[in-house]
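Some notes on the structure that comes next.
From a predicted model like this one, the values you see are computed outputs, not experimental measurements. Residues take their numbers from the sequence shown, with the count starting at 1.
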Amino acid sequence: MTPEIAAALIGAGAGLVTAGAAIGTTRHQARKAVEGVFAQASAAYLGPLDTARRTAQREAYSRLLTAAHDYEKAVQAALVDAEALNRDATPNRPAMSPETRAARRARIEEVNDHHLVGAVQHVQLEGPDEVWQSAVRVQKVAMMLSLVLSSEDASSNGLGSPRGLHGQLLVAISEFATAAGRHLGRRDLVLGQGEQARPRWWRRSRS
């Protein structure tokens, strides 16, 4: 092979390498440009979606807090009747008249946690799990309190006293309000979040 042919081949190879590098650079730039367009489109879409999600969560949390405070107020009024009925069950005490006893029992039975149960289910739907767990705690204490209030002898059910459970309910409501406020105060856009931070309806729609 003559020196001239060898030089020509080397030059052609260098040209191919340069052209390949240019093509690779162009592809990389094109890919980055496409990724940038998709990122902007995602932000434009997910921004309003995140705002809507937070609005729905705020409404769910507010609904639960309203139901919990309404239930707590109703319980507070029923505690007087429940404690009077418990004292009446104590031996060697003047017996309460059947009419008074029936009236007190009727007022206690008017207290229910139906609205609270529905509100907790709403929080479960909107998420996230950490706030929902705090909501479940409110529901559990309310359920125990309802059982104690409806019991003829609250001291024999092993769930605790009505006053003690009422105090636990206040603590559970406060803890839920703290968890909800902490979550709403975080700047956690849907874009780039882990699946567990997203509401349950979002995870189901992508499964």
Side-chain angles (χ1 to χ4, degrees), residues 38-39 41-79 81-82 107-151 154 157-207:
F38 275 116
S42 297
Y45 172 72
L46 294 176
L49 179 63
D50 184 68
T51 300
R53 177 176 68 89
R54 281 188 170 276
T55 299
Q57 288 178 333
R58 187 176 290 106
E59 291 175 353
Y61 303 163
S62 177
R63 176 187 173 188
L64 176 55
L65 285 174
T66 299
H69 284 300
D70 289 346
Y71 176 77
E72 184 273 326
K73 289 180 181 178
V75 165
Q76 194 171 24
L79 285 176
D81 290 319
R107 286 194 294 268
I108 292 175
E109 291 177 352
E110 290 178 357
V111 179
N112 63 74
D113 58 355
H114 296 164
H115 293 296
L116 188 60
V117 172
V120 171
Q121 292 174 345
H122 192 183
V123 173
Q124 179 183 8
L125 178 64
E126 295 298 338
D129 287 347
E130 62 190 62
V131 179
W132 173 55
Q133 292 297 334
S134 296
V136 170
R137 172 61 178 166
V138 174
Q139 181 180 350
K140 287 182 177 179
V141 176
M143 186 181 300
M144 289 189 295
L145 187 49
S146 294
L147 289 174
V148 169
L149 287 174
S150 62
S151 175
N157 53 40
L159 296 177
S161 68
R163 286 287 177 185
L165 289 172
H166 178 255
Q168 292 182 37
L169 178 65
L170 291 174
V171 172
I173 294 173
S174 177
E175 290 176 347
F176 169 77
T178 299
R182 183 170 55 245
H183 170 69
L184 292 175
R186 285 202 301 257
R187 187 178 181 83
D188 55 348
L189 295 177
V190 174
L191 185 61
Q193 284 187 353
E195 289 297 314
Q196 292 301 318
R198 296 175 180 173
R200 291 172 178 268
W201 63 263
W202 173 277
R203 279 179 264 163
R204 286 198 299 268
S205 66
R206 295 176 63 87
S207 61

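For the atom pair NE2 (His122) and CH2 (Trp132), the distance works out to 15.0 Å, reported to the nearest 0.5 Å. We find the NE2-OG1 distance between His115 and Thr66 to be 11.5 Å, quoted to the nearest 0.5 Å. If you take CG on Leu116 and CZ on Arg63, they are separated by 10.0 Å, rounding to the nearest 0.5 Å. Note: Ile173 CD1 to Arg137 CZ = 11.5 Å, rounded to the nearest 0.5 Å. Distance check: His183 NE2 to Ser134 OG gives 12.0 Å after rounding to the nearest 0.5 Å. Atom CD of Gln139 is separated from atom CD of Gln121 by 7.0 Å, given to the nearest 0.5 angstrom.
Residues Tyr61 and Phe176 share a closest heavy-atom pair of O-CE2, 3.8 Å. Residues Val111 and Ala78 approach most closely at CG2-CB, 3.9 Å, considering heavy atoms. Contact record, Gln57 with Glu126: NE2-O, 3.2 Å, taken as the closest heavy-atom pair. Contact record, Ala172 with Val141: CB-CG2, 4.5 Å, taken as the closest heavy-atom pair. Val148 approaches Pro162 most closely through the heavy-atom pair CG1-CG, 3.5 Å. Between Leu64 and Ala135, the shortest heavy-atom distance links the atoms CD2-CB, 3.4 Å.
Residues passing the side-chain hydrogen bond (donor to acceptor under 3.5 Å, both in side chains) test with Arg58, sequence neighbours excluded: none. Evaluation of the side-chain hydrogen bond (donor to acceptor under 3.5 Å, both in side chains) rule for Glu130 yields Arg186 as partners, not counting sequence neighbours.
Val75 places a side-chain heavy atom less than 4.5 Å from the side chain of Leu149. When side chains are defined from C-beta on, Tyr71 does not count as touching Val138, because their heavy atoms never get closer than 4.5 Å.
In terms of modelled atom types and a separation under 3.5 Å, the side chain of Arg54 and the main chain of Leu184 share a donor-acceptor contact. Put simply, the side chain of Ser174 never gets that close to the backbone of Leu170: no donor and acceptor are under 3.5 Å apart.
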